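If you're wondering where the values come from, they're calculated on a predicted model, not measured in any experiment. When a residue number appears, it is its place in the shown sequence, counting from 1.
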Amino acid sequence: MFMLNLDSFDVIPVFEAKLGYKQLFDCSHLILSLHLCYWRNSLEKTNNRIKHLKRQLDESEEECSREKAAKRKVQRELEDLHENCENLQREVTNLKNKMRTDFRRSSETFC
């Protein structure tokens with residue numbers, strides 16, 4: 001019988017008389033193989049998780065980019081509307097002034 005310490009990869013024989021060097025070596029080799037398999041599996045899961053998170057990040061960045069483009073488009077449309085409004089207000093003011101001058105001229109001719 002022997003006791004395994006998986007944290008330090010050591011094999012501590014309890015009954016040294018029953019286990020020889022080859023059996024201890026085989027046990028150590030088996031333990032190392034199990035640890036290697038565990039870490040490979042863990043590494044593969046971690047790499048898959050990283051790939052998944054990178055895909056999510058790319059999708060989020062694309063969505064953010066689309067939203068920024070939409071915001072810029074709406075901002076341009078708003079600026080165009082403000083400019084059109086200012087032009088129309090200017091035109092209204094010009095027409096009012098023209099009406100006043102025309103009214104004054106017409107009133108002067110009647111007097």
Side-chain angles (χ1 to χ4, degrees):
M1 297 279 170
F2 58 92
M3 183 192 314
L4 303 176
N5 182 353
L6 297 179
D7 292 332
S8 64
F9 303 105
D10 291 335
V11 177
I12 303 172
V14 175
F15 299 106
E16 289 182 4
K18 293 187 178 183
L19 291 176
Y21 175 77
K22 183 167 179 8
Q23 287 90 8
L24 289 176
F25 178 79
D26 290 343
C27 288
S28 295
H29 183 69
L30 177 63
I31 291 169
L32 289 174
S33 296
L34 290 172
H35 276 282
L36 182 61
C37 182
Y38 168 79
W39 287 113
R40 281 183 184 157
N41 190 21
S42 178
L43 179 63
E44 184 178 330
K45 287 180 182 178
T46 302
N47 285 337
N48 288 337
R49 179 75 176 141
I50 289 171
K51 287 177 186 177
H52 176 71
L53 291 173
K54 283 182 178 180
R55 279 193 300 272
Q56 282 184 330
L57 178 62
D58 289 342
E59 291 170 3
S60 296
E61 287 175 345
E62 287 175 12
E63 182 180 348
C64 183
S65 178
R66 285 191 301 271
E67 289 177 0
K68 284 181 180 180
K71 178 185 171 189
R72 286 191 302 270
K73 180 182 176 190
V74 169
Q75 186 68 36
R76 280 191 306 270
E77 290 173 355
L78 180 62
E79 289 171 0
D80 290 345
L81 289 173
H82 278 294
E83 185 178 337
N84 289 340
C85 184
E86 288 174 359
N87 290 337
L88 291 172
Q89 286 175 340
R90 198 174 311 116
E91 188 176 337
V92 166
T93 303
N94 290 338
L95 289 172
K96 283 181 182 179
N97 290 336
K98 185 178 179 185
M99 284 178 48
R100 284 186 194 131
T101 57
D102 288 346
F103 180 72
R104 286 184 190 148
R105 284 184 191 158
S106 67
S107 66
E108 288 175 1
T109 41
F110 282 117
C111 294

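Glu79 contributes atom CD, which lies 12.5 Å from atom CZ of Arg72 (distance to the nearest 0.5 angstrom). For the atom pair CG of Asp80 and CD of Gln75, the computed distance is 10.5 Å after rounding to the nearest 0.5 Å. Once rounded to the nearest 0.5 Å, the distance linking NE2 of His35 with OG of Ser33 reads 10.5 Å. Ile50 CD1 to Leu57 CG: the interatomic distance, rounded to the nearest 0.5 Å, is 12.5 Å.
Within 6.0 Å of CD on Glu91 lie no more than 12 heavy atoms contributed by other residues, nucleotides or ligands.
Side-chain heavy-atom separations under 4.5 angstrom define the hydrophobic clusters, and the remaining members of the one that includes Leu34 are Leu30.
Each of Leu95, Thr93, Thr101 was checked for a side-chain contact (heavy atoms from CB on, under 4.5 Å) with Asn97, and the lone residue meeting it is Thr93. Of the listed residues (Asn48, Asn47, Asn41), just one forms a side-chain contact (heavy atoms from CB on, under 4.5 Å) with Lys45, and that residue is Asn41.
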- Task: Let me see the working for Val92 and Gln89 under side-chain contact (heavy atoms from CB on, under 4.5 Å), right down to the final yes or no.
- Result: CA-CA 5 Å; Val92 166; Gln89 286 175 340; 5.6 Å; no
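Residue pairs meeting the side chain to side chain donor-acceptor pair (under 3.5 Å) criterion with at least one partner in residues 49-68, sequence neighbours excluded, are His52-Gln56.
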